[in-house]
Student: 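Below: one structure in structure tokens.
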Number of protein chains: 2
Amino acid sequence: MLRFMASKVRLYVDHPLGVGQSVPLNRDQAHYLFGVMRLGVGGVISLINSRDGEWDAIVEKAGNKGGVLACQAQTRGLQTPPDLWLVFAPIRKERTAFIVEKAVELGAARIMPVRTDFTQSANRIRTDKLQAHAIEASEQCGGTFVPPVDDLVKLERLLADWPKDRQLMFCDETAIGAPVRLPVMPGPWAVLIGPEGGFSPAERDKLRALPFAHAVSLGPRILRADTAAVAALTLWQQALGDWG
Amino acid sequence: MLRFMASKVRLYVDHPLGVGQSVPLNRDQAHYLFGVMRLGVGGVISLINSRDGEWDAIVEKAGNKGGVLACQAQTRGLQTPPDLWLVFAPIRKERTAFIVEKAVELGAARIMPVRTDFTQSANRIRTDKLQAHAIEASEQCGGTFVPPVDDLVKLERLLADWPKDRQLMFCDETAIGAPVRLPVMPGPWAVLIGPEGGFSPAERDKLRALPFAHAVSLGPRILRADTAAVAALTLWQQALGDWG
């Protein structure tokens with residue numbers, strides 16, 4: 001599936017990209033390009049910055065501690081995902097990283113970890129690490145957009161400040177007979193995935209009472225939180241997103 | 001999502017389950033129950049065997065090298081998934097294990113690894129290890145059925161022997177404009193996921209020519225093979241499976 005992996009090295013930079021634009025590299029980027037990927041002066045890579053699409057760039061200077069790339073030509077325009085947030089409770093470290101990777105591949109516009117009543121306190125997150133996972137996923141899957149990863153907030157707080165025009169799809173494994181299809185409502189949406197252990201009764205009651213919240217069933221089997229995240233994003237993209 | 005994790009220990013055994021049925025434990029099972037899970041004589045666990053549903057069983061004998069359980073009562077009947085095969089090309093070890101885990105959670109009836117033209121020869125599989133992953137996934141997610149994992153076969157060979165009444169959904173990332181929805185055809189199905197690198201042109205031509213094969217698009221982004229597997233199983237279950 002991953003044809004981009006075989007092709008040009010792709011690198012995300014937090015720097016404008018444009019014709020003749022010169023892009024300085026930090027130590028980590030230089031190590032990756034020149035140390036790990038063995039590129040040298042004259043080598044060509046693809047750059048993305050989440051704003052200007054994908055650009056070919058040529059290595060002008062290559063050093064151990066840095067380097068300089070020169071933008072040449074845009075190879076693809078910016079492809080932004082639909083206005084879909086993924087809101088999820090952190091689980092075990094590697095599965096949380098997995099959820100972030102999959103959210104990028106499946107086309108979420110923003111990734112928002114939330115603490116719920118049943119979120120294990122052991123499941124701390126490092127936002128910077130999760131953001132790095134999002135960047136790597138976009139680099140590896142040929143993306144031109146990297147969704148921002150927010151800091152952890154309490155679900156209660158998030159719902160209190162919720163934008164009223166944004167629909168919320170929540171996957172409630174206790175909602176026997178909940179619809180398996182989303183209401184066809186255009187506009188901004190969010191997908192909410194509970195922690196292992198599900199939502200607390202109080203959270204469930206609150207969610208069910210919210211006018212913008214829609215319970216959706218993910219079938220008769222119990223899904224891990226990471227599986228539920230991928231399944232829910234898939235159903236949303238097919239029903240309301242850009243998969244059509 | 002995983003309420004079962006918090007509840008009774010669940011164990012798959014290759015042994016009949018029924019009222020008064022006595023179930024001997026091998027060394028590994030004894031180590032898990034008595035060493036790892038610290039159960040002793042009188043402890044109660046849940047047993048599954050992929051045939052007789054879920055049964056409560058009580059520990060009658062507990063030793064380092066074995067033990068005996070006594071079946072008490074059936075707690076749930078056998079829940080078999082729809083007649084859906086997951087056919088996939090092995091990828092990197094941990095992602096192959098992941099695909100097996102997700103196939104069990106999402107309700108595949110049979111898991112079939114295939115070698116395609118672009119399958120990396122480095123991606124060898126150990127069928128016994130993958131079967132163990134399937135068992136663990138079913139134990140952990142409250143399943144009563146464990147899909148069999150077949151040995152690796154060549155895709156060409158599999159298609160040559162293909163049962164003509166079984167539809168095949170294949171996810172072709174080059175099929176621009178392919179439908180995102182499945183044709184509503186009842187009966188047995190299979191989902192086919194290519195390797196990273198996709199199908200070879202020859203494979204793609206062959207698949208497109210098969211009367212029982214249906215190309216489905218998984219959206220405009222490039223998905224890893226493991227993501228594509230979860231997304232495809234989700235779409236099938238919602239459209240034709242038991243999620244309705």
Side-chain angles (χ1 to χ4, degrees), chain A residues 1-6 79 81 89 91 94-95 98 101-107 118 137-138 140-145 171-174 179-181 193-199 216-235 237-239 241-244, chain B residues 1-6 79 81 89 91 94-95 98 101-107 118 137-138 140-145 171-174 179-181 193-199 216-235 237-239 241-244:
Chain A
M1 296 266 142
L2 262 179
R3 280 160 305 135
F4 277 81
M5 279 182 119
Q79 253 189 330
I91 43 179
E94 66 280 8
R95 289 185 185 267
F98 168 87
E101 173 188 298
K102 296 321 180 199
V104 174
E105 286 180 55
L106 293 165
F118 292 168
S138 190
Q140 296 211 342
C141 291
T144 54
F145 175 85
C171 307
D172 180 355
E173 78 274 17
T174 68
V180 292
R181 295 188 191 284
I193 301 295
E196 299 186 344
F199 296 107
V216 170
S217 163
L218 297 179
R221 291 167 206 81
I222 291 179
L223 304 183
R224 286 180 181 274
D226 57 348
T227 318
V230 176
L233 289 169
T234 298
L235 294 181
Q237 282 287 13
Q238 189 200 38
D242 60 15
W243 286 26
Chain B
M1 296 266 144
L2 264 179
R3 280 158 305 136
F4 277 80
M5 280 182 118
Q79 253 190 330
I91 44 179
E94 66 280 8
R95 288 185 185 267
F98 168 87
E101 173 188 297
K102 296 321 180 198
V104 174
E105 287 180 55
L106 292 165
F118 293 168
S138 190
Q140 297 211 340
C141 292
T144 55
F145 176 84
C171 307
D172 180 354
E173 77 275 18
T174 69
V180 292
R181 294 188 191 283
I193 301 296
E196 298 186 344
F199 296 108
V216 169
S217 163
L218 297 178
R221 291 167 206 83
I222 292 178
L223 304 182
R224 286 180 182 273
D226 57 348
T227 318
V230 177
L233 289 169
T234 298
L235 294 180
Q237 282 287 13
Q238 189 199 39
D242 59 14
W243 286 27

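Convention: sequence-line order gives letters A, B, ...; per-chain numbering from 1.
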Student: For A/E105, give me all partners under side chain to side chain donor-acceptor pair (under 3.5 Å), at least two apart in sequence or on another chain.
Tutor: A/K102, B/T227

Student: Under a 4.5 Å heavy-atom cutoff, which of A/V230, A/V104, A/L235 has the most pairs with chain B?
Tutor: A/L235

Student: Below 4.5 Å from any heavy atom of chain A, which atoms of B/Q237 appear? Answer side chain, backbone, both or neither.
Tutor: side chain

Student: Which one, B/A232, B/G241, B/G219, leads in non-hydrogen pairs under 4.5 Å with chain A?
Tutor: B/G219

Student: Output all residues satisfying side chain to side chain donor-acceptor pair (under 3.5 Å) with A/E101, sequence neighbours left out; order by chain, then residue number.
Tutor: B/R95, B/R224

Student: Show the nearest heavy-atom pair for residues A/P220 and B/D242, with the distance to one decimal.
Tutor: CD-O, 3.5 Å

Student: Determine the minimum heavy-atom distance between A/L223 and B/W243, stating which atoms define it.
Tutor: CD1-CH2, 4.4 Å

Student: Quick one: what part of A/F98 sits under 4.5 Å from any heavy atom of chain B, side chain, backbone, both or neither?
Tutor: side chain

Student: For B/L106, which atoms come within 4.5 Å of any heavy atom of chain A: side chain, backbone, both, or neither?
Tutor: both

